[in-house]
Amino acid sequence: KIVGYNLACEFVICNFWHWFVFRNATNAENLKEFKFNPTNQYEPQGGNVGMLRSSTGNLEREILFTTLGWLQSSFWQVLFTHLWAVGYFAMPDMTQTKSWYWTLFLLWIIAYWREIHFYWAHRGMHPWFARE
């Protein structure tokens with residue numbers, strides 16, 4: 001159920017975003033001035049961007065790695081849910097003040113970790129300059 005749900009979310013979220021940014025001609029033109037690299041990474045010669053294929057192969061690569069990322073996330077979610085269910089990991093007692101501090105600290109630090117990871121992962125995928 002978890003893997004199916006996560007892949008369904010990937011399908012809906014990523015396809016909507018791809019359509020919104022690249023397939024919708026009005027948005028593609030209006031958003032061009034806000035992009036760090038205005039060259040279309042999927043169709044640099046100005047052709048129509050497909051939903052599953054591109055002339056450069058970049059779209060196929062992104063679909064593959066995005067799906068692998070969602071599957072890896074699903075694996076961790078299934079593993080930790082199972083370990084909590086069988087009692088290997090104890091759920092914190094949220095009635096204790098110490099647990100609240102620990103939880104708030106983790107929520108705070110994970111937001112920073114996510115932003116740093118997101119930034120560097122996407123700088124590798126979408127550089128600000130042409131690779132040639």
field: Least distance between heavy atoms, Val3 atom then Leu71 atom
entry: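 Looks like CG1-CD2, 4.0 Å.
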field: Phe118: hydrophobic cluster co-members (side-chain, 4.5 Å)
entry: none
- prompt: Who pairs with Thr103 by side-chain hydrogen bond (donor to acceptor under 3.5 Å, both in side chains), at least two apart in sequence or on another chain?
  reply: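 Applying side-chain hydrogen bond (donor to acceptor under 3.5 Å, both in side chains) to Thr103 gives none.
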Sequence-distant partners of Ser73, side-chain hydrogen bond (donor to acceptor under 3.5 Å, both in side chains), two or more places apart: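 None.
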query: Is there side-chain contact between Glu43 and Ser54, with heavy atoms separated by less than 4.5 Å?
result: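 The answer is yes; the side chains approach within 4.5 Å.
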task: Taking the side chain as every heavy atom from C-beta outward, state whether Asn27 and Val21 have any atom pair closer than 4.5 Å.
output: no
Does [X] have any side chain to side chain contact (heavy atoms under 4.5 Å, CB included) partners at least two apart in sequence or in another chain, and if so, which?
| X | result |
| --- | --- |
| Glu10 | Leu7, Cys14, Thr66, Thr67, Trp70 |
| Trp19 | Phe16, Arg23, Asn24, Met51 |
| Phe11 | Asn15 |
| Phe89 | Phe80, Leu83, Trp84 |

Residues two or more places apart in sequence or in another chain: which of them pass ring-ring contact (aromatic ring centres under 6.0 Å, His included) with [X]?
| X | value |
| --- | --- |
| Tyr112 | Trp108 |
| Tyr88 | none |
| Trp76 | none |
| Phe34 | none |

Please round to the nearest 0.5 Å and tell me the distance separating atom [atom1] of [X] and atom [atom2] of [Y].
| X | Y | atom1 | atom2 | result |
| --- | --- | --- | --- | --- |
| Thr56 | Arg61 | OG1 | CZ | 7.5 Å |
| Asn58 | Ile63 | CG | CD1 | 11.0 Å |
| Leu68 | Leu64 | CG | CG | 4.5 Å |

- prompt: Quick check: are there more than 12 heavy atoms from other residues, nucleotides or ligands sitting under 6.0 Å from CG of Asn48?
  reply: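 No.
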field: Pairs meeting criterion ring pair (Phe, Tyr, Trp, His ring centres under 6.0 Å) with involvement of residues 37-68, two or more places apart
entry: His18-Tyr42, Phe22-Tyr42
- prompt: Under a 4.5 Å side-chain heavy-atom rule over Ile, Leu, Val, Met, Phe, Trp and Tyr, are Phe20 and Val49 clustered together?
  reply: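 Cluster IDs for Phe20 and Val49 match.
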field: Single-linkage hydrophobic cluster Leu104~Ile109, side-chain heavy atoms < 4.5 angstrom
entry: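 Shared cluster, no.
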- request: Take Arg53 and Leu59, measure what side-chain contact (heavy atoms from CB on, under 4.5 Å) needs, and give me the verdict at the end.
  value: CA-CA 6 Å; Arg53 299 209 179 271; Leu59 183 59; 5.7 Å; no
